[in-house]
Amino acid sequence: METKIQSHVEIDLLKIQDNAKAIKAYCNRKLIAVVKADAYGHGAVQVADVLHNIADMFAVATVEEGIELRQAGIRNPILVLFSTLTDTVDEIISYELTPTIDNWNLATRLNEAVLGRNSLLQLVPIEKAYIHLDINTGMNRSGIPYLEVRDFIDKLQTLNRLELEGITTHLATADEEDHSFVNLQLQRFVSSIEDVEKSDTGIPFFHVANSAATISIPDSHFDAVRPGLALYGIYPASSYFVDLQPALCWKTHVSWVSMIDSGEGISYGLTHKVKQPTRIAAIQVGYGDGYPRSLSNKGEVLINGIRRPILGRICMDITVVGLETTDHVEIGDEVILIGKQGDAEITVDEIAKKTETIPYEILTQIGKRVKRIYA
Ligand SMILES: *Cc1c(COP(=O)(O)O)cnc(C)c1O
């Protein structure tokens with residue numbers, strides 16, 4: 001492998017596979033593997049490739065993300081999690097994506113778009129489109145009101161080129177210890193689907209659980225679970241019944257080492273001044289790579305298996321860290337931003353806590369310029 005001095009991410013796809021298998025074994029339900037936002041920075045196509053035999057369905061956030069998977073040859077059903085504008089209906093049908101709908105206008109436009117259209121995958125005429133129905137049970141960002149579900153489903157029966165394959169809702173507080181609002185949402189969900197009859201093949205099937213619910217709230221599992229973060233080995237909730245392994249390691253290299261005199265300041269604004277002669281190293285990563293600038297004077301990295309403090313402000317491309325005077329750190333030495341080195345480890349969770357955000361944001365902000373290397 002060619003080593004470059006800039007930061008790169010190493011992704012262990014087998015760990016993602018193992019996480020998916022562990023989740024399936026624990027839940028014993030269909031698995032809808034969420035690979036939106038480029039699989040939380042892990043690479044949607046690569047992740048889908050290693051999960052296509054394990055996942056019953058993939059889920060993405062946008063039609064474009066679905067098309068990317070189709071063009072890469074992924075043939076599993078692909079759920080688009082959020083309702084789209086009606087100008088995407090032709091692509092949804094031709095690429096055989098499964099839209100989630102929560103309004104009548106989109107439903108009728110999809111029904112019309114089926115007519116006379118060929119599948120781009122099989123070059124045969126398409127007869128009907130599978131859709132999922134999103135119910136708002138309290139998240140209040142999408143879905144039809146839970147009290148209107150029966151009427152909506154009755155109306156859907158009149159659109160005979162659509163087949164209601166799934167019914168879903170999304171939980172607002174599954175990652176919290178107190179499950180009372182989750183229970184209320186589950187009650188609302190169950191009451192709204194009470195009268196729905198399933199076909200012999202189990203359609204429509206019901207799915208609710210995000211990662212937190214998948215690993216910690218069995219009552220939310222229904223017919224399929226829909227985890228994202230957990231696939232990548234990160235726990236969204238503090239209690240869980242499944243063992244997961246993180247799949248991503250973010251590395252860079254030392255690009256400069258120097259001694260500076262007592263009283264010198266470091267990086268823009270000289271916000272860190274050293275009180276004695278200090279050995280420092282520059283590493284090639286910055287906020288231009290998605291490394292959070294709010295780790296300035298706060299974060300740590302690993303070099304030679306030892307934690308090193310970030311000194312001064314993180315720049316767009318370079319970050320400075322403190323060394324011990326006796327350290328043998330040289331240009332080209334490996335630096336861990338996220339991951340393990342020797343016995344030491346820096347987790348995505350640690351970085352999220354220090355920067356007052358969530359692991360999701362840290363992962364999805366890892367920039368385009370950071371090369372992904374797969375094992
Ligand atoms: C993102 C998303 C998920 C997955 O959430 P995780 O917390 O990553 O498991 C599931 N369902 C919907 C509707 C989502 O938007």
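Both counts, for ligands and for their atoms, begin at 1 and track the order of listing. The first residue in the sequence is number 1, and the count goes up from there.
Close contacts between ligand 1 and L229 involve ligand atoms 6 (P), 8 (O), 9 (O) [criterion: under 4.0 Å to a heavy atom]. Within ligand 1, the atoms closer than 4.0 Å to a non-hydrogen atom of R141 are 13 (C), 14 (C), 15 (O), numbered from 1 in the order shown. Proximity to N210 (heavy-atom distance under 4.0 Å) selects the following atoms of ligand 1: 5 (O), 7 (O), 9 (O). Listed by number with element, the atoms of ligand 1 under 4.0 angstrom from any heavy atom of F82 are 15 (O). Here is the list of ligand 1 atoms found below 4.0 Å of a heavy atom in G228: 4 (C), 6 (P), 8 (O), 9 (O). Less than 4.0 angstrom separates some heavy atom of Y40 from each of these atoms of ligand 1: 1 (C), 4 (C), 5 (O), 6 (P), 8 (O). Close approach of ligand 1 to H170 (heavy-atom distance below 4.0 Å) involves ligand atoms 10 (C), 11 (N), 12 (C), 13 (C), 14 (C). Near K36, meaning under 4.0 Å from any of its heavy atoms, are these atoms of ligand 1: 1 (C), 2 (C), 3 (C), 14 (C), 15 (O).
Under the 4.5 Å side-chain criterion, counting only non-hydrogen atoms from C-beta, K21 is in contact with I54. The shortest side-chain heavy-atom distance between V285 and V335 does not fall under the 4.5 Å cut-off. When side chains are defined from C-beta on, L110 counts as touching I93, because their heavy atoms get closer than 4.5 Å. At least one side-chain heavy atom of T214 sits less than 4.5 Å from a side-chain heavy atom of C27. L79 places a side-chain heavy atom less than 4.5 Å from the side chain of T100.
At least one donor-acceptor pair closer than 3.5 Å links the side chain of N111 to the backbone N or O of R161. T168 places a side-chain N or O within donor-acceptor distance of the main-chain N or O of H207, the cut-off being under 3.5 Å. A donor-acceptor pair under 3.5 Å is absent between the side-chain atoms of E361 and the main chain of T357, judged by distance alone.
Using a 4.0 Å heavy-atom cutoff, P227 is listed among the residues neighbouring ligand 1.
Looking at ligand 1, you won't find any N or O of L81 less than 3.5 Å from one of its N or O atoms. Between Y360 and ligand 1, at least one N/O pair is under 3.5 Å apart.
When only non-hydrogen protein atoms are considered, atom 9 (O) of ligand 1 lies nearest to S211 OG, 2.5 Å. Protein heavy atom nearest atom 11 (N) of ligand 1, with residue, atom name and distance: R226 NE, 2.9 Å.
The number of heavy atoms from other shown groups lying within 6.0 Å of CG (N160) is above 12.
By the criterion of a heavy-atom distance under 4.0 Å, neither the backbone nor the side chain of M139 is placed next to ligand 1.
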